[in-house]
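Everything below concerns the one structure shown next.
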Amino acid sequence: MSAGATRFPAIVAEVTEINNLIKTFRFVREDGAEVPPFSGGSHIVVEMDDDGTRRLNPYSLMSDPADTGGYSISVRREDGGRGGSRFMHTRVKPGMTMTISYPVNLFPIDGRAKKHLLLAGGIGITPFMAHMAQLSERNQIFELHYGAASRAVGQFGDRLRKHYGDRIHLYYDDEGTMMDLPSLLRGQPAGTHLYVCGPKGMINAVMKIAREAGWPRGALHSEEFLAPPVGLPFEVELANSGKTVQVGAAQSLLEAIEAAGVNAPYLCRGGACGQCECEVAAVDGEIEHNDHWLTPEEKASNSKIMPCVSRFKGQRLVLNL
Amino acid sequence: MKMTTTKFEPSITTRPVYGILEPQQGSAHLMIADGEGAGAILDLFARAGQQGIDLRPSTHLIYVTAANGTDLSDELSRLGVAKFYHGPTLAAAMSRITKALTDASMGLQIYLAGTESLIGVAQSEAMKAGFPHDGMQTEHRGSLARRVQCVHCKGITENVKTDPYVCSHCGLSLYVRDHYSRRIAAFQGVNIDAEDPGQVPDMVEKFT
Amino acid sequence: MGIQFNDETFHKDYTYRNSPAGIKRFPFPFPEDDYMYSVNIEPHVPGREGSVFEHTFDVDEHYVSEMRDRARVLADDPLRCQSLPHMTLAGWDLLELIMESKARDYPDMFQLTKNGDRWHWVNKPLGIDDTFTFLDETTLPYGPMEYITRQAQGDFTLQDQRDDNLWIEAGMVTSQADWSLDFDIGMSFHEWHAPVPLAGGMGIFDRALKFLLKLQYGAPVRRFNWTMTVDPLLDTSPENYHKWGPSKATLTPDTVGRRQHLRVELQTLYRLPRSNAIVFPIRCYLISFQDLVTVPKWGRRLHRVLQTLPEELAEYKGFARNRQMLTDWLAQYDDGSPTSPGWWAD
């Protein structure tokens with residue numbers, strides 16, 4: 001089985017600057033055909049050729065899932081990152097051909113919910129834009145609480161407000177409006193499911209307050225895509241293919257393995273889905289586990305690694321690949 | 001999860017497993033119990049007391065007499081919980097349970113104690129109201145008699161103690177599979193003499 | 001039309017028959033002379049012309065009669081078709097998948113015309129000509145899953161995906177190998193498989209679940225399963241077990257060839273786009289022993305498979321009581337000569 005979801009060539013139909021940090025990109029099929037519909041919460045993987053470095057970054061789809069004319073994503077520029085978001089912001093222009101994947105969903109709604117409570121922070125708003133289009137089409141009850149640094153950065157807010165009315169609640173740091181999570185989570189009726197997407201600190205805070213308020217785990221859902229962190233260069237041996245691979249500072253272990261011509265499985269490339277899980281044959285040093293997939297016990301045992309986001313510091317790392 | 005107080009034979013995945021009631025953090029507490037399940041509720045309050053937690057002001061306790069006649073309502077009534085109801089049967093208490101669940105908010109903690117039948121039926125009702133099945137505290141106490149659905153006529157027979165048993169609705173002789181449906185809150189009964197009509201083994205008392 | 005549809009029954013007088021061409025294309029499920037339970041999953045891509053793999057959804061000479069049998073079973077027991085409320089969208093996904101596949105693969109029999117959300121569907125073999133609004137349940141005579149699966153051979157189940165598990169929460173099940181949708185609906189992957197006895201422990205289901213959770217849109221897969229049925233009865237349900245169970249006891253050496261059937265399930269799995277659910281079509285093919293042995297390789301091989309099968313599997317598949325009789329009958333068609341690899345007829 002080949003790695004990742006099916007990929008296809010797509011033309012960049014539009015690039016829209018939302019503000020100085022966020023740009024929206026719309027992709028249409030190169031062959032003019034329709035793209036498959038998708039479910040809210042799905043992401044696609046966008047392939048970039050960054051001067052010889054091949055990057056595959058996941059981005060949540062924000063367009064209406066029923067719109068088969070094309071797919072839209074939004075990318076926030078991370079100047080301290082590895083370069084993927086910078087590439088999207090500075091190099092991607094309308095008319096360019098890129099390779100994108102079919103959608104994969106790691107952040108679905110629970111369709112049994114009697115009410116959906118959506119909590120977004122910053123760029124974490126994007127999967128909810130697709131969710132809300134689908135929920136409102138299916139006449140489901142939902143409520144969005146969206147926090148951003150400022151009205152200028154949170155421009156999607158006004159657009160959503162216009163479309164969905166008072167189901168949208170907006171909070172801006174610089175205006176001093178904040179979500180009152182304890183009281184928000186206290187009064188939710190039986191059958192409510194909570195979804196949160198945003199920075200790690202926000203997700204942790206929401207989960208903590210929800211658990212303290214007595215919410216069952218099964219009604220709590222979150223998505224946090226991890227960008228593979230920048231780190232120190234290191235070396236890895238691949239036992240099955242007999243190769244030794246150098247992993248650069250701004251390169252993920254998975255990217256380095258792929259660049260060496262080894263076909264490794266993957267799906268989300270963000271430490272969430274578990275598809276790239278890899279056995280460690282030998283280790284002398286410390287694995288920096290950055291994923292959400294392995295259990296604390298697995299991480300402590302150093303017997304497995306998620307090459308999409310995790311790194312290594314030490315003398316020797318051998319993988320069964 | 002802590003081990004249950006009741007010993008069960010090794011079984012297949014669908015056979016429910018139970019734990020021991022532990023006090024939980026939450027905005028309100030709904031406890032539903034029958035018969036010997038009262039013991040689990042009393043232990044729960046004792047445990048909460050040791051931990052310095054006072055559940056009483058936010059507890060709604062619904063207790064029914066078990067099918068075997070066990071009634072410990074006097075002891076429960078002395079707990080001093082905010083709302084206490086004692087009823088003759090689970091069936092009589094159902095509309096009260098449904099209302100408590102649908103009126104609740106997501107911080108509600110649910111504790112179920114007693115027979116499998118009570119735990120299963122209350123759990124199924126809570127799921128319908130929108131509470132995930134694995135978010136509830138359950139503790140088995142008392143009779144092991146089963147609630148079994150006849151796969152043929154769909155009739156449910158309560159308090160099945162023998163295997164095989166006779167379906168109280170259609171009269172077929174059924175053997176009791178460990179296969180269990182949370183939605184129906186029942187084990188599955190299948191005709192035992194389908195291939196050789198009339199050849200029914202002796203009933204053995206298995207679930208007591 | 002390219003297919004001559006049989007007028008036949010799957011109950012009472014059992015007039016079900018395979019034509020010579022039907023025998024030739026039968027999906028014989030044993031690639032080797034012995035059998036062990038395995039996941040054996042492969043991509044569901046179009047296969048050899050004329051075979052049951054040629055198209056996404058195979059339509060064969062039994063289509064019209066099978067749909068009549070389904071309607072009969074549903075009239076008797078409507079609980080064979082159920083969809084929990086949140087599965088309606090997955091039902092629309094399935095309707096779209098089947099309509100688009102059939103219209104593409106069999107344009108002389110099925111036609112789909114879309115004018116925005118207004119869809120016009122023509123099913124010539126069943127005499128259906130309907131116009132409806134896609135995603136609007138009020139414009140169809142049944143829910144979307146029931147509507148389309150009354151027009152598609154095989155059973156169908158829809159699995160919702162959440163909490164890293166699959167939940168069987170809708171289905172059309174009238175030709176099942178002895179399991180109850182009404183009882184199992186709402187169960188997780190391991191729960192609905194719990195009654196299957198296992199040679200290798202539950203590890204096989206852990207791996208299968210892990211694989212299915214990552215099943216991707218546009219990349220369906222397939223596998224075979226099989227069992228034995230006395231008389232060509234599609235509805236071997238637990239609900240009616242007390243009615244069909246006695247047939248096993250009345251099988252005799254003289255009637256094995258005519259009454260004993262090999263029952264093969266072609267199981268496929270698709271990720272559905274709008275709902276993120278997985279659909280599991282289970283297509284049942286039946287062949288009598290007397291027809292099966294007209295392909296010498298199959299007769300020899302089935303004899304060897306039944307001889308070497310572990311007893312617990314014969315028990316689970318429900319033919320342990322007749323196993324010896326079946327093996328004895330097949331022995332006359334096994335001269336001991338070698339069989340070629342793979343399942344295709346020589």
Side-chain angles (χ1 to χ4, degrees), chain A residues 1-8 34-42 44-45 61 64-68 101-114 116 130-131 133-135 137-140 191 193 195 216-221 265-268 272-277 292-293, chain C residues 39 41-45 83-93 95-97 100 114 116-117 133-138 144 158-167 169-170 185-186 188 206-207 209-221 270-278:
Chain A
M1 184 158 298
S2 63
T6 307
R7 285 179 299 236
F8 61 92
E34 295 190 325
V35 295
F38 63 94
S39 52
S42 297
I44 55 170
V45 169
L61 289 172
D64 183 340
D67 173 10
T68 52
S101 76
Y102 276 171
V104 170
N105 198 343
L106 300 174
F107 189 40
I109 56 136
D110 189 323
R112 300 168 306 163
K114 297 181 196 302
H116 304 272
H131 273 313
Q134 210 171 18
L135 289 170
E137 154 82 31
R138 301 304 295 161
N139 296 317
Q140 305 235 341
H193 279 244
Y195 310 81
R217 277 179 213 285
L220 303 173
H221 314 272
Y266 72 84
L267 212 50
C268 79
C273 79
Q275 187 77 348
C276 71
E277 180 181 302
H292 291 310
W293 177 255
Chain C
V39 179
I41 290 176
E42 61 175 5
H44 184 46
V45 289
S83 176
L84 298 186
H86 62 286
M87 298 305 283
T88 306
L89 186 59
W92 283 110
D93 271 333
L95 175 141
E96 178 185 45
L97 175 67
E100 288 191 340
K114 295 181 188 175
D117 287 344
T133 304
F134 187 67
L135 296 180
D136 181 353
E137 291 87 67
T138 63
L158 291 170
Q159 281 70 227
D160 195 22
Q161 181 162 338
R162 53 176 196 270
D163 305 330
D164 284 327
N165 215 322
L166 294 172
W167 304 82
E169 290 181 328
I185 194 167
S188 71
D206 290 338
R207 287 194 298 277
L209 174 61
K210 213 170 161 179
F211 175 85
L212 292 176
L213 290 173
K214 303 288 152 57
L215 185 71
Q216 286 159 48
Y217 174 78
V221 295
Y270 303 76
R271 172 73 65 192
L272 298 174
R274 292 175 181 78
S275 59
N276 200 41
I278 286 179

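Naming convention: chains lettered A, B, ... in sequence-line order (proteins, then strands); numbering from 1 in each chain.
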Student check: side-chain heavy atoms of [X] and [Y] closer than 4.5 Å:
X: A/Asp110; Y: C/His86; answer: no
X: A/Arg138; Y: C/Arg274; answer: no
X: C/Gln216; Y: A/Leu267; answer: yes

Do you know which of C/Asp93, C/Asp163, C/Leu213, C/Leu135 has the most heavy-atom pairs with chain A at a distance under 4.5 angstrom?
C/Leu135
Which one wins on heavy-atom pair count under 4.5 Å against chain A: C/Leu89, C/Asp160, C/Thr88?
C/Leu89
side-chain contact (heavy atoms from CB on, under 4.5 Å) against C/Ala90, all qualifying residues, sequence neighbours excluded:
C/Met87, C/Leu158, C/Leu272, C/Ser275, C/Ala277
Region of [X] in contact with chain A, defined by heavy-atom distances below 4.5 Å:
X: C/Trp92; answer: side chain
X: C/Glu42; answer: neither
X: C/Arg162; answer: side chain

When every non-hydrogen atom of C/Pro273 is compared with those of A/Pro37, the smallest separation belongs to CB-O, 3.2 Å
Do you know the tightest heavy-atom contact between A/Tyr102 and C/Tyr217?
CD1-O, 3.4 Å
Can you tell which part of A/Gln140 gets under 4.5 Å to a heavy atom of chain C, answering side chain, backbone, both or neither?
neither
